[in-house]
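In what follows, a structure is listed as structure tokens, so that the remarks can point back to it.
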Amino acid sequence: MNRDTRSRAVLITGGASGLGAALASRYAGRGDRVLVTDLAAEAEVPAGALYQRLDITSPSHWAAARERVRVDLGGLDVLVNNAGIAAGGRVDHLDDTHWRRLLEVNVLGAVNGCRTFSPLLKAQGQGHVVNVASLAGLVHPAGMGSYDASKAAVVALSESLRHELGPWGVDVTVVCPSFFRTNLASSLGGEDPLMGQIAAKLISRAPLGAEEIAARVLRGVDARRFLILPDRSARVAYWTKRLVRPLYDRQMLASGAKIRQAELNEKARSRHEQPQRPRRRPCHGGQFGPG
């Protein structure tokens, strides 16, 4: 189903960079009224778009965004919950602070957006909630437990909202891309540098960039699809898990084995690089003889 031709009111979180910026550019480029939000006080946005600072963990910021939507957009047609943290690591390398922050931003940030605007969308009898999750919400590789858990929660939230809001005429979509080229690589691996290095390589080698992913996301949203897998890698991984589970399990265990080997290599290098204490030569008759 193609979208209608009227201008739509769109709010995008995390819209100052990466996929959020690419989505904002495409929505604005086709004449939609766009409110871009992000953490920065100011940001460059597409021509014709508006900007507002929004901390997605702050209820007061969400209330201010709702008022801005009412005054400047006259309602809301599409809510894009895109903002989030790209982070993860091995379970024994992540502390309580990491887990709490990741779940607060990635899960409760999306929840806050849905809570804020679902009354408006229900009252209108139409609208669309787009939650940007990740393939990690459907396929769960080793060494990414916290990120996997947060994005799986976003997928579950989206499915539940689809059933809850559908009778009100409100559509819900969840977007689950695999790795694509973006500036996320610079933010990865703070708590677990090894996993950050692995993720950065996968991002840099990805065949698609944010602009290409954004174009595919818009087509899926216009078609009112619930699950959008915008790249081939995501589709292959998802359907392998669904249809060929033994192969999927072997692949996931193999990736875990590679991480184990990388960890062992890392420990070996660390031991090798540590300063070595001088070896004492054996003592003979009170004199140090030849070693």
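Every value quoted in this text rests on a predicted model; they were computed, and no experiment measured them.
- Atoms CD1 and CG, from Ile259 and Leu194 in turn, are 7.0 Å apart once rounded to the nearest 0.5 Å.
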Which atom pairs, donor and acceptor, lie under 3.5 Å between side-chain atoms of residues 124-143 and protein residues at least two apart or in another chain?
| from | atom 1 | to | atom 2 | distance (Å) |
| --- | --- | --- | --- | --- |
| Gln124 | OE1 | Leu76 | N | 3.3 |
| Gln124 | NE2 | Leu76 | O | 2.9 |
| Gln124 | NE2 | Gln126 | O | 3.2 |
| Gln126 | NE2 | Asp77 | OD1 | 2.8 |
| His128 | NE2 | Thr173 | OG1 | 2.8 |
| Asn131 | OD1 | Asn81 | ND2 | 2.9 |
| Asn131 | ND2 | Ser158 | OG | 2.9 |
| Ser134 | OG | Ala136 | N | 3.0 |
| His140 | NE2 | Gly137 | O | 3.4 |

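- Arg68 pairs by the salt bridge (Lys or Arg N to Asp or Glu O under 4.0 Å) definition with Asp72, not counting sequence neighbours.
- Of the residues listed (Asp192, Val91, Leu102), the one engaging Ser146 in a side-chain contact (heavy atoms from CB on, under 4.5 Å) is Leu102, and it is the only one.
- A donor-acceptor distance shorter than 3.5 angstrom exists from the side chain of Ser118 to the backbone of Cys114, with no hydrogens or angles considered.
- Under the 4.5 Å side-chain criterion, counting only non-hydrogen atoms from C-beta, Lys151 is not in contact with Val155.
- Of the possible polar contacts, none joining the Thr13 side chain to the Thr37 backbone as a donor-acceptor pair under 3.5 Å is found.
- Checked for salt-bridge contact, Asp231 and Arg235 miss the test: no charged N lies under 4.0 Å from a carboxylate O.
- The two residues Tyr147 and Ala86 make their nearest non-hydrogen contact at CE1-CA, 3.9 Å.
- Judged as a side-chain hydrogen bond (donor to acceptor under 3.5 Å, both in side chains), the pairs with a partner in residues 163-172 (not counting sequence neighbours) are, in order, Asp171-Arg224.
- In terms of the side chain to side chain donor-acceptor pair (under 3.5 Å) criterion, Asp92 has no residue partners (sequence neighbours excluded).
- Atom CG of residue Leu229 and atom CH2 of residue Trp239 lie 8.5 Å apart, to the nearest 0.5 angstrom.
- Here the OH-CG distance, from Tyr238 to Leu243, works out to 9.0 Å after rounding to the nearest 0.5 Å.
- For the side-chain hydrogen bond (donor to acceptor under 3.5 Å, both in side chains) condition, the pairs that include at least one residue of residues 259-268, sequence neighbours left out, are Arg90-Glu263, Gln261-Asn265, Glu263-Lys267.
- Arg53 has its side chain within reach of Leu39: a pair of non-hydrogen atoms, C-beta onward, lies under 4.5 Å apart.
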Atom pairs and distances, donor-acceptor, side-chain atoms in residues 42-51, under 3.5 Å, two or more places apart:
| from | atom 1 | to | atom 2 | distance (Å) |
| --- | --- | --- | --- | --- |
| Tyr51 | OH | Asp38 | O | 3.3 |
| Tyr51 | OH | Ala40 | O | 2.6 |

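- Listed by chain and number, the residues in a side chain to side chain donor-acceptor pair (under 3.5 Å) with Ser60 are Ser58 (sequence neighbours excluded).
- Val78 and Val154 fall into different hydrophobic clusters, where Ile, Leu, Val, Met, Phe, Trp and Tyr side chains are chained together by heavy-atom contacts under 4.5 Å.
- Once rounded to the nearest 0.5 Å, the distance linking CG of Leu121 with CZ of Phe117 reads 8.0 Å.
- By the 4.5 Å heavy-atom criterion applied to side chains, Val172 and Val174 are not counted as neighbours.
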(Q) With side-chain contact (heavy atoms from CB on, under 4.5 Å) as the criterion, how do Glu211 and Arg26 come out once you've worked through the C-alpha distance, each side chain's angles and the decisive distance to 0.1 Å? (A) CA-CA 9 Å; Glu211 289 292 341; Arg26 289 198 169 266; 3.9 Å; yes
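- Screening residues 237-252 for salt bridge (Lys or Arg N to Asp or Glu O under 4.0 Å) gives Arg245-Asp249 as the qualifying pairs, with residues at least two apart or on separate chains.
- A donor-acceptor pair under 3.5 Å is formed between the side chain of Asp32 and the backbone N or O of Arg8.
- Listed for the Trp62 side chain is a donor-acceptor partner under 3.5 Å among the backbone atoms of Ile56.
- Side-chain atoms of Ser150 do not come within 3.5 Å of backbone N or O of Val107 as any donor-acceptor pair.
- Arg33 and Ser7 are linked by a side-chain donor-acceptor pair at a separation below 3.5 angstrom, with hydrogens and angles left out of the test.
- Atom CG in Leu253 sits 9.5 Å away from atom OH in Tyr248 (nearest 0.5 Å).
- Rounded to the nearest 0.5 angstrom, Leu103 CG and His98 NE2 are separated by 8.0 Å.
- Residue pairs meeting the salt bridge (Lys or Arg N to Asp or Glu O under 4.0 Å) criterion with at least one partner in residues 130-140, sequence neighbours excluded, do not occur; the list is empty.
- Qualifying side chain to side chain donor-acceptor pair (under 3.5 Å) partners for Arg70, counting only residues two or more places apart in sequence or in other chains: Glu67.
- Looking at residues two or more places apart in sequence or on another chain, you find no side chain to side chain donor-acceptor pair (under 3.5 Å) involving Asn112.
- If you chain together hydrophobic residues whose side chains sit under 4.5 Å apart, Leu120 and Leu79 fall into the same group.
- The hydrophobic clustering, which links ILVMFWY residues whose side-chain heavy atoms are closer than 4.5 Å, places Phe180 and Val80 together.
- Applying the side chain to side chain contact (heavy atoms under 4.5 Å, CB included) rule to Arg101 yields the partners Thr57, Ile85, Glu104, Val105; only residues at least two apart in sequence or on another chain are considered.
- Within the 4.5 Å cutoff, the side chain of Leu11 has heavy atoms near those of the Val69 side chain.
- Contact of the Ile228 side chain with the Cys176 side chain is not registered, since no non-hydrogen atoms from C-beta on lie closer than 4.5 Å.
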